[in-house]
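Contents: one structure, followed by commentary.
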Amino acid sequence: MIKLSGKLRKVFDVQTFPNFEKRVFWVDDISEKYPNTWQFELWGKDVEMIDHFQVGDFLTFYVDIRGKVWSNAEGKEGVMNTIKCWNIEKDGKPFKEIVK
């Protein structure tokens with residue numbers, strides 16, 4: 001589990017696949033001299049979690065880094081990483097308290 005904080009920059013539409021849904025959103029790390037922008041994903045039942053926040057909100061995100069080895073028909077290999085978000089806090093309140 002990794003805890004990161006930043007400003008919500010952009011939220012994309014839900015993508016539906018045969019066996020799951022995912023939603024991508026971007027977060028700006030405004031604490032650095034040269035800020036980073038991260039791309040996080042929400043999966044399954046969590047895709048609606050981001051709907052409770054506004055672009056520009058300063059939030060805290062709990063994430064896991066996931067990785068998978070892939071290869072193509074020619075034998076080339078690579079690793080695909082995703083940052084999966086599973087909880088969001090605003091003003092120190094966890095998501096479950098915000099949506100009560």
Side-chain angles (χ1 to χ4, degrees):
M1 187 255 330
I2 300 168
K3 182 178 171 182
L4 298 168
S5 296
K7 187 168 58 169
L8 185 60
R9 178 182 185 136
K10 187 168 186 169
V11 178
F12 295 89
D13 292 333
V14 174
Q15 296 174 294
T16 302
F17 300 93
N19 57 351
F20 75 102
E21 291 182 326
K22 81 172 185 177
R23 191 167 199 182
V24 171
F25 61 97
W26 294 348
V27 174
D28 289 331
D29 170 19
I30 58 175
S31 67
E32 299 289 326
K33 180 178 177 181
Y34 301 105
N36 292 295
T37 298
W38 302 304
Q39 178 172 295
F40 296 153
E41 294 183 3
L42 295 164
W43 297 352
K45 63 179 174 38
D46 292 336
V47 296
E48 296 177 3
M49 189 183 310
I50 201 71
D51 291 335
H52 298 275
F53 305 100
Q54 302 288 324
V55 169
D57 283 349
F58 187 81
L59 305 167
T60 299
F61 304 90
Y62 292 83
V63 300
D64 294 325
I65 298 176
R66 304 284 176 103
K68 180 178 180 179
V69 175
W70 59 268
S71 62
N72 65 15
E74 291 80 37
K76 180 180 177 183
E77 289 188 315
V79 174
M80 176 180 62
N81 291 317
T82 58
I83 305 174
K84 180 185 180 291
C85 180
W86 53 270
N87 194 20
I88 302 172
E89 288 181 353
K90 183 175 183 183
D91 300 325
K93 294 181 183 175
F95 174 73
K96 290 178 181 175
E97 288 182 21
I98 294 168
V99 295
K100 281 185 178 180

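No hydrogens, no waters, no symmetry mates; every other heavy atom, side chains included, goes into these values.
Listed by chain and number, the residues in a ring pair (Phe, Tyr, Trp, His ring centres under 6.0 Å) with Tyr62 are Trp86 (sequence neighbours excluded).
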Next item on the list: Test Gln54 against Leu8 for side chain to side chain contact (heavy atoms under 4.5 Å, CB included), laying out the working first.
Entry: CA-CA 7 Å; Gln54 302 288 324; Leu8 185 60; over 6 Å; no

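Minimum heavy-atom separation, Ser5 to Phe58: CB-CZ, 3.7 Å. Across every non-hydrogen atom of Arg23 and Glu48, the tightest pair is NH1-CA, 4.4 Å. Residues Ile50 and Val47 approach most closely at CG2-O, 4.0 Å, considering heavy atoms. Across Leu59 and Lys90, no two heavy atoms sit closer than the pair CD2-CB, 3.6 Å.
Around CD of Gln15, the count of heavy atoms belonging to other residues, nucleotides or ligands within 6.0 Å exceeds 12. The local environment of NZ in Lys84 is crowded, with over 12 non-hydrogen atoms from other residues, nucleotides or ligands closer than 6.0 Å.
Cluster membership for Ile88 and Val24, using ILVMFWY side-chain heavy atoms within less than 4.5 angstrom, is not shared. Following chains of ILVMFWY side-chain contacts shorter than 4.5 Å, one can reach Ile65 starting from Trp38, so the two form part of one hydrophobic cluster.
The line from CD1 of Ile2 to CG of Asp64 is 7.5 Å long, rounded to the nearest 0.5 Å. Rounding to the nearest 0.5 Å places NZ of Lys22 at 11.0 Å from CG of Leu42. Atoms OG1 and CD1, from Thr37 and Ile30 in turn, are 11.0 Å apart once rounded to the nearest 0.5 Å. We find the CD-CD1 distance between Glu41 and Ile83 to be 9.0 Å, quoted to the nearest 0.5 Å. In this structure, CE in Met1 is found 10.0 Å from CG in Asn87, a value given to the nearest 0.5 Å. The CG atom of Asn36 sits 12.5 Å away from atom OH of Tyr34, with the distance rounded to the nearest 0.5 Å.
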Result block: side-chain N/O donor-acceptor pairs under 3.5 angstrom for residues 70-78, not counting sequence neighbours:
from	atom 1	to	atom 2	distance (Å)
Asn72	OD1	Glu74	N	3.0
Asn72	OD1	Gly75	N	3.1
Asn72	OD1	Lys76	N	3.0
Asn72	ND2	Glu74	OE1	3.4

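You'll find the side chain of Thr82 reaches within 4.5 Å of the side chain of Trp43, heavy atoms only. Between Leu4 and Val63, some side-chain heavy-atom pair lies under the 4.5 Å cut-off.
Aromatic pair Phe25/Phe53: ring centres not closer than 6.0 Å.
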